[in-house]
Asker: 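Before I ask anything, here is the structure I am working with.
Chain naming here is simple, since letters A, B, ... match the order of the sequence lines and numbering starts at 1 in each. Side-chain atoms are counted along with the backbone in the values below, which use heavy atoms only and exclude waters and symmetry mates.
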Number of protein chains: 2
Amino acid sequence: MKHRVTLKDIARHTGVHVSTVSRALDPAKSTTISDGMRKQITDAASALGYRPNRLAAGLRTNRSMTVGVMIPDITNALFPPIVRGIESVLEPLGYASILVNTDSEPEREARLVEVLRDRGVDGIIHAAALRQDPTIARAAEAGMPVVTLNRRIEGAEIPFVINDEDAGIRLAVAHLHGLGHRRIAHVAGPQNLSTGQLRAEAFRRAIRALDLPADPRLISEAQRFDEDEGARAAEHLLDTAPPFTAMVCANDRLALGALSVLRARGVPCPAEVSVTGFNNMPFLDRIEPALTTISIRQAEAGAIAARRLIALIGGEAPGGMLETVLPVELVVRGSTGPCPTLESPRDL
Amino acid sequence: MKHRVTLKDIARHTGVHVSTVSRALDPAKSTTISDGMRKQITDAASALGYRPNRLAAGLRTNRSMTVGVMIPDITNALFPPIVRGIESVLEPLGYASILVNTDSEPEREARLVEVLRDRGVDGIIHAAALRQDPTIARAAEAGMPVVTLNRRIEGAEIPFVINDEDAGIRLAVAHLHGLGHRRIAHVAGPQNLSTGQLRAEAFRRAIRALDLPADPRLISEAQRFDEDEGARAAEHLLDTAPPFTAMVCANDRLALGALSVLRARGVPCPAEVSVTGFNNMPFLDRIEPALTTISIRQAEAGAIAARRLIALIGGEAPGGMLETVLPVELVVRGSTGPCPTLESPRDL
DNA sequence: TCTGATTTCGCAATCGTTTGCAGAAACCTG
DNA sequence: CAGGTTTCTGCAAACGATTGCGAAATCAGA
């Protein structure tokens, strides 16, 4: 392992002091260095193959040029695009991101926040899942620049970027309404997750706004955002709810579970029951029936969050523009169709 | 932003020297500290909420306790499980991982290796894609601990963990052969990617081993591992190759493209042409027809690579066990079926 | 030529930890 | 009790960079 070339080496080679070298190599400070000297030094630097040691610089400046990216689980197809969106703005600026998976466990999350602080990250982007986790709010109050994705943190002045969950659900409901559906059920997500709760609220609002029946039995809550829970919740609806002709699912995986149940029970989709999802995961257009869903702008959300964080790190007050709401789009595919005629209602 | 508590603070509070504090807090060195003193110090440390500054420690010890994880693209469904596998062993050991996406561009990759070195990573896990990229080999030769996933680097002594590509293709071909297929085509991946090349070679071997026709026209090469190229290559086969009854695709996305083409041309799958993929991506069981494919152990590969890297960082010679080959499994689903009778060959 | 302003550069401290070395104290051993 | 260990702790120098401050050099103007 060869000796890494440092400022000192360049200083020795050019016969100047290490501080002069440091200044000559810093574009911001190089005004205080004569042109000749600077050229001499930069030449020597590139000749020797100098690469600054960011740890050392970070120690001195208290700026590590790294940010922490906290997500529930990179394995969840929702997050990779977000991560890339973040990286696409951070990397060109010289920032590196250290990625951690919280699994939505508060204690794990708390530990990871500490880990990130130990490493001196300049800020944290937190793709939140839980509705309440005080850890991140505390970090923000302690002066750590923080931006959250998917969730607003009450009280603290933390910028956040979210999708327009309300509009998404409203689009789905309106779409079904337009197809003639009147009795619409909701497979809700976990209510301790922000998206689950927001979408359930949005569903109730949308139903009310259209003067549709708001029977609480038409809402079944999944404990997790996965296929099994989607199936369970859908079965619960089929078994206990009054007849309905459409299911608005709080996310695509729940919808996949619901579709499985319909198929298993021989209920044709969309002939008898239409289904919608949320998120527009990959490959949803390949399944049978292709899932009608709401597409969201993950990469853009990541990029915006990253830019907000950079601004915060740069000293901008968070107060200015706390909220960024990204538009969503309805993607109509095969899983939704016209409401079956009332003469042949689905057997219960 | 409050002052962060340092060793110096603890020293002041307990009235001892900072070096004593450092030793008392280091489990390895604490033998040289009396029990009473150590207790006093650890108590003060936790009372003050001390958290070591890893940057400072890293600067001194030349050990940053971070590793670089280089992957082509986290958006590719193949990699998230690998990343989690890596994290699952690294995080408990106190390592953080900084993640970078290379997009399989050599110059970008070279730059990112430098970025990682600047940050003083203790090692690099490189989920390779390109068959040749000298950058990572140079880094390894310069003394950086490196482990690669999916690729062997010739010459350099770099441990690598790969899937048993050969067995995977052999399984697919044998499965088709068992179903009666004799004329089997191959949608090959890009030959500048290691997996593409290895699988194409494996295909030829498997064909030869079964004494099946090894017509070069039965192999069509995709330029990228995506659906569009899979479709293009499949069309090329249908248009120019002699009749065949099965297609072994070098990866699932190519297979998806191939399935689209078959459907578009009205060629029923698997009635007239069977199709297999590779990787067992999520949701492949939900599409129509469900794709028969080869499942690989991504998370395990990541975990093993991480363990190997830790060993390297710990000073172990890479020579010992360079190669780890992970077993693969055939997953039979709906896209493969018995060979159509010869009396009704597919029209060309 | 001298003064004062300006540029250009070196000195040294500093960030928070780690660690070789040495000194002091305590403990044995003969 | 002298001499030799062993145990404990402090001192200070690193690690590689940044930066306030001051000194030297240059320059302009009188």
Asker: Report the residue (A:T20 or B:V18) whose heavy-atom-nearest nucleotide on DNA chain D is the more 5′ of the two.
Answerer: B:V18

Asker: Find the distance A:L7:CG to C:dC9:C1' and express it as a whole number of Å.
Answerer: 15 Å

Asker: Calculate the interatomic distance between B:D9 atom CG and C:dC15 atom C1'; express it in whole Å.
Answerer: 13 Å

Asker: Respond yes when some side-chain nitrogen or oxygen of A:H17 is under 4.0 Å from OP1 or OP2 of C:dC11, and no when none is.
Answerer: yes

Asker: Rounded to the nearest angstrom, tell me the gap between atom CG in B:D26 and atom P in D:dT9.
Answerer: 15 Å

Asker: Across the strands shown, which category fits B:R51 at heavy-atom distances under 4.0 angstrom: base, sugar-phosphate, nothing?
Answerer: sugar-phosphate

Asker: Below 4.0 angstrom, N of the basic side chain to O of the carboxylate: do A:R307 and A:E316 qualify?
Answerer: no

Asker: Any Lys/Arg nitrogen of A:R111 or B:E91 sitting under 4.0 Å from an Asp/Glu carboxylate oxygen of the other?
Answerer: yes

Asker: Is any side-chain nitrogen or oxygen of B:K8 closer than 4.0 Å to OP1 or OP2 of C:dC15?
Answerer: yes

Asker: Expressed in angstrom and rounded to an integer, what is the separation of B:R63 atom CZ from C:dT19 atom P?
Answerer: 11 Å

Asker: Less than 4.0 angstrom from a charged side-chain N to a carboxylate O is my criterion; do A:R51 and B:D118 meet it?
Answerer: yes

Asker: Would B:E114 and B:R138 pass as an ion pair if we require N to O under 4.0 Å?
Answerer: no

Asker: Could you tell me whether B:K39 and B:D43 have a side-chain N and a carboxylate O separated by less than 4.0 Å?
Answerer: yes

Asker: Using distance alone, with no hydrogens and no angle criterion, decide if B:S64 and B:T66 have a side-chain donor and acceptor under 3.5 Å apart.
Answerer: yes

Asker: So, is A:T61 close to the D:dT18 phosphate, meaning a side-chain N or O under 4.0 Å from OP1 or OP2?
Answerer: no

Asker: Whole Å only: how far is the CZ atom of A:R38 from the C1' atom of C:dT7?
Answerer: 13 Å

Asker: A:R119 has an atom CZ; how far is it from atom P of C:dG16, in whole Å?
Answerer: 18 Å

Asker: Let me know the distance between CG of B:L48 and C1' of C:dG16, rounded to the nearest Å.
Answerer: 16 Å

Asker: CG of B:N62 versus P of C:dG16: gap in Å, rounded?
Answerer: 20 Å

Asker: Is B:S19 touching bases, backbone alone, or none of the nucleic acid, heavy atoms closer than 4.0 Å?
Answerer: base

Asker: Could you check whether B:D26 pairs with B:R23 (Lys NZ or Arg NE/NH1/NH2 to Asp/Glu carboxylate O, under 4.0 Å)?
Answerer: no

Asker: Counting only heavy atoms and a strict 4.0 angstrom limit, can you tell me which residues of residues 52-60 of chain A come near DNA chain C?
Answerer: A:L59, A:R60

